Amino acid sequence: MRNLIDILDLDVREIDALIARANDIIERPDAYREICRYKKLATLFFEPSTRTRLSFEAAMLELGGQVLGFSEAASSSSAKGESVSDTVRVVSCYADVIAMRHPKEGAPLVASMAASVPIINAGDGGHNHPTQTLTDLLTISREKGRLDHLTVGLCGDLKFGRTVHSLISALSRYEGVRFVLISPEELRLPDYIKQDILEEKGLEYLETESLEEVMPELDILYMTRVQRERFFNEEDYLRLRDSYILTPDKLSTAKSDLSVMHPLPRVNEISTAVDADPRACYFRQALNGKYIRMALILALLGL
Ligand code: NCD
C-alpha cells in the first residue's frame, strides 16, 4: 500500500506514468467509466476547499466509484476532540482510499501511520500540496510539451504558499529548470527550501521583488494568493495582499507562449481582464486537476 504525502514520494518515472494515464483518460473517457465500481473515496477536509475536494469527488464519480466525507472540521468528531489517527483508523473501515486536508503541517503523515488504506495529502498547512503539483505538472506538460528547460516564475506568497513548495520540489528534478522567485521581502521562499532543494542541488534561481523586470524571460508565470489564514495579524495581510496584480498591460512584455498559471482561488492577484488572454491557463489547470486525480486514485488502488 502506498500513500502520497509529499510529491517526492513519487519518482520521476511514476510522475510520467500518471501524466500518461491522465492523458489517456482525457482521450478515452469511456474506458474508465466503471473501473472503480464498488470502490469508495473518503474526503476528510479539516480546512476549506472548493477545487481540491470537488475535483477528488468528481474524479472518483467519473471512475464509477462512490464518495463520502466531510468538508469542515466542525462537522466531524475532531470537534469533540478526536485525534486524526483515530479518525482515519475508523474511516479506513469505510473507504478504500482517503484524501485529507488539514491546517496542521504533518497531519496527513501522522494519519498515514494509523490508516490501513492509502492516504493522499490534499494540503497540510503551509507545508505541501502534492496533488496540486501533479495538476501543475500535467498542465505544464500539456501546455509546453515538456517539463524541462523552462524558466519558471513563482510570484506572490512564497512563504506560506504550499503549492509553490511542492512545485519547486517536483521541478527541481528536471534538467534546465530555472526558478525566478518573485515576492515581497516578507513573503520570500523559506530558507529550508532554498537550502535543502535549490542550493543542495546547485539549481539556478533568482530572487526579486519586481515582476515587471523579469516578465520577458519567463516561460511560466505561477501566480499565488497571499495566504490570509496563515498570517498572525490582519494588518500585515492587508499591507501585502495587493503586492502583485497581473494585468493585460503587464503581460505586454511577456513571451507570446508564456503560460500563466494559478492554483486558484484567486483574490486580486490576476485581473479578470487577463482571463481572455490565450496565455491564461488557470481554468484549464483546474480541469486537469480532475484528470490527474483520476490517474492517482487508480494508481493507489492498483487499478
Ligand atoms: C491552494 C491551496 O489550498 O493551497 N488551492 C488549491 O488547492 N487549489 C491555493 C490557495 O489556497 O491559495
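Treat the numbers as computed from the prediction; the structure is a model and nothing was measured. Below, each value reflects all heavy atoms present in this structure, side chains not excepted, and no hydrogens, waters or symmetry copies. Both ligands and their constituent atoms are indexed starting at 1 by order of listing. Residue numbers start at 1 and run along the sequence shown.
Taking 4.0 Å as the cut-off between side-chain N and carboxylate O, Glu47 and Arg162 count as a salt-bridged pair. Here Arg239 does not pair with Glu235 in a salt bridge; the nearest charged N to carboxylate O distance is not below 4.0 Å.
Summary of contacts: the protein heavy atom closest to atom 6 (C) of ligand 1 is Leu264 O, 3.4 Å. Atom 11 (O) of ligand 1 has Arg225 NH2, 2.8 Å as its closest protein atom, hydrogens excluded (heavy atom only).
When the heavy atoms of His165, Arg162, Arg51, His129 are ranked by distance to atom 7 (O) of ligand 1, first place goes to His129. Remark: among candidates Gly156, Gly123, Pro263, the nearest residue to atom 8 (N) of ligand 1 is Pro263, based on non-hydrogen atoms.
From Ser271, atom OG reaches atom CZ of Arg266 across 7.5 Å, with rounding to the nearest 0.5 Å.
Distances between N or O atoms of Glu229 and those of ligand 1 include no value under 3.5 Å.
Criterion: ILVMFWY side-chain heavy atoms under 4.5 Å apart, direct or through other members. Under it, Val260 and Leu264 are part of a common hydrophobic cluster.
Ring-plane geometry between Phe231 and Tyr237 is classed as perpendicular, the angle between the planes exceeding 60 degrees on a 0 to 90 degree scale with a lower cut at 30.
Only the side chain of Thr163 comes within 4.0 Å of ligand 1, counting heavy atoms alone; its backbone N, CA, C and O stay farther away.
Distances below 4.0 Å separate heavy atoms of Thr52 from the following atoms of ligand 1: 6 (C), 7 (O).
Cation-pi geometry between Arg293 and Phe56 is satisfied (NZ or CZ under 6.0 Å from the ring centre, within 45° of the ring normal).
Heavy-atom distances between Arg101 and ligand 1 reach below 4.0 Å in at least one pair.
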